[in-house]
A.B. asks: 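Questions regarding the structure given below will be posed in turn.
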Amino acid sequence: GARQNLPSDTKQLFQYTGTIHLLAISGLHIGAIYLFLLYILRLVGLSNRKYTLALIPLLWLITGITGLSPSACRAATILSFIIIGEAFYLDHVPLNTIAAAAFFTLLIQPELLYSVSFQMSYAAYTGIVLIFPLIATRTKDISPIVWKSYSLLCVSFSAQILTLPITAYYFHTVSLNSILFNLVAVPIATLLLYGGVILLILPTFIS
């Protein structure tokens, strides 16, 4: 999230390719960390859904460390609703989870309804919920590695489809290049984030 020392030409390149969002703490990073923590729980044998409730304070702790950016708070709120629904075996609808998170957020700050960042965030989440299940169909012949890579591409594509109209409306331009670049950049950024977390953890175990 620290971009103050980024050279102007590099920043323009990120803006041109539509990948400037990768340099800010966003829902992408909070979601990736959530999946990482969920994997750790299952790795140590805590597969019961009730244990996932422990992820809520961890997610908000991480969100606080990042400076409580609006996009990170939105992601943490949505994930908290999802975790509660799954922990108590509630028959929750993902779209309703997003709507509930938006509702309670707007109760606290109604003016966010007119925020471009707010609109784009929830458009991206809605795109993932609605479009991702339609295009991410798995067959038995696909290996787990290929499937995970393909899933990341589908998530990136789903998020961008519904944000394109908002981008066109506010910025009067649509860069189709950004879709292609993000299909590659988002998965790579996620893998780099995981690599950074692992490198931070390793010295503790080594010592």
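Every heavy atom of this structure was used, including side-chain atoms; hydrogens, water molecules and symmetry mates were not.
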A.B. asks: Can you name the closest pair of heavy atoms from Ala123 and Leu162 and give their distance?
C.D. replies: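 What the structure gives for the nearest pair is O-CB, 3.5 Å.
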
A.B. asks: Nearest 0.5 Å, what's the CD1-CD1 distance between Ile131 and Ile161?
C.D. replies: 6.0 Å

A.B. asks: Testing the basics here: between Pro133 and Ile128, what is the closest heavy-atom pair and its distance to 0.1 Å?
C.D. replies: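 Scanning both residues completely, I find the closest heavy atoms to be CD-O, 3.6 Å.
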
A.B. asks: Taking side chain as C-beta onward, heavy atoms only, is Leu37 less than 4.5 Å from Leu41?
C.D. replies: no

A.B. asks: Compare every heavy atom of Ile82 with every heavy atom of Thr97, then report the nearest pair and how far apart it is.
C.D. replies: CG2-CG1, 3.5 Å

A.B. asks: Are Thr77 and Trp60 close enough that some pair of their side-chain heavy atoms sits under 4.5 Å apart?
C.D. replies: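 Of all side-chain heavy-atom pairs linking Trp60 with Thr77, at least one is under 4.5 Å.
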
A.B. asks: Are Leu106 and Phe81 joined in one hydrophobic group, where the rule is that I, L, V, M, F, W and Y side chains link up if heavy atoms are under 4.5 Å apart?
C.D. replies: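 Different clusters: Leu106 never reaches Phe81 through Ile, Leu, Val, Met, Phe, Trp or Tyr contacts under 4.5 Å.
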
A.B. asks: Do Leu191 and Tyr34 sit in the same hydrophobic cluster, where Ile, Leu, Val, Met, Phe, Trp and Tyr count as joined when their side-chain heavy atoms come under 4.5 Å apart?
C.D. replies: no

A.B. asks: In Å, rounded to the nearest 0.5 Å, how long is the span from OG1 of Thr126 to CD1 of Ile98?
C.D. replies: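 Atom-to-atom, Thr126:OG1 and Ile98:CD1 are 4.5 Å apart.
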
A.B. asks: Out of curiosity, does Tyr169 fall in the hydrophobic cluster containing Ile166 (side-chain heavy atoms, cut-off under 4.5 Å, transitive links)?
C.D. replies: yes

A.B. asks: Output all residues satisfying side chain to side chain contact (heavy atoms under 4.5 Å, CB included) with Leu107, sequence neighbours left out; order by chain, then residue number.
C.D. replies: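 Result, side chain to side chain contact (heavy atoms under 4.5 Å, CB included) vs Leu107: Phe103, Phe104.
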
A.B. asks: If you group Ile, Leu, Val, Met, Phe, Trp and Tyr by side-chain heavy-atom gaps below 4.5 Å, do Leu61 and Leu79 land in one group?
C.D. replies: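 No, Leu61 and Leu79 fall in different hydrophobic clusters.
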
A.B. asks: Compare all side-chain heavy atoms of Leu58 with those of Ile33 and state whether any distance is below 4.5 angstrom.
C.D. replies: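 Of all side-chain heavy-atom pairs linking Ile33 with Leu58, none is under 4.5 Å.
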
A.B. asks: Mind checking side chain to side chain donor-acceptor pair (under 3.5 Å) for Ser117 and listing every partner two or more places apart, or none if nothing turns up?
C.D. replies: Arg74

A.B. asks: Look at the aromatic rings of Phe118 and Tyr122 and report parallel, tilted or perpendicular, splitting at 30° and 60°.
C.D. replies: tilted

A.B. asks: Between Ile30 and Ala76, what is the shortest heavy-atom contact and its length?
C.D. replies: CG2-N, 4.2 Å

A.B. asks: Minimum heavy-atom separation for Ala101 to Ile78, with atom names?
C.D. replies: CB-CG1, 3.5 Å

A.B. asks: Would you say Leu35 and Tyr194 make side-chain contact, with heavy atoms under 4.5 Å?
C.D. replies: yes

A.B. asks: Test of understanding: with side chain to side chain donor-acceptor pair (under 3.5 Å), list the residues that count as partners of Tyr170, not counting sequence neighbours.
C.D. replies: Gln119

A.B. asks: To the nearest 0.5 Å, tell me how far Ser80 OG sits from Leu53 CG.
C.D. replies: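 Spacing of OG (Ser80) from CG (Leu53) equals 10.0 Å.
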
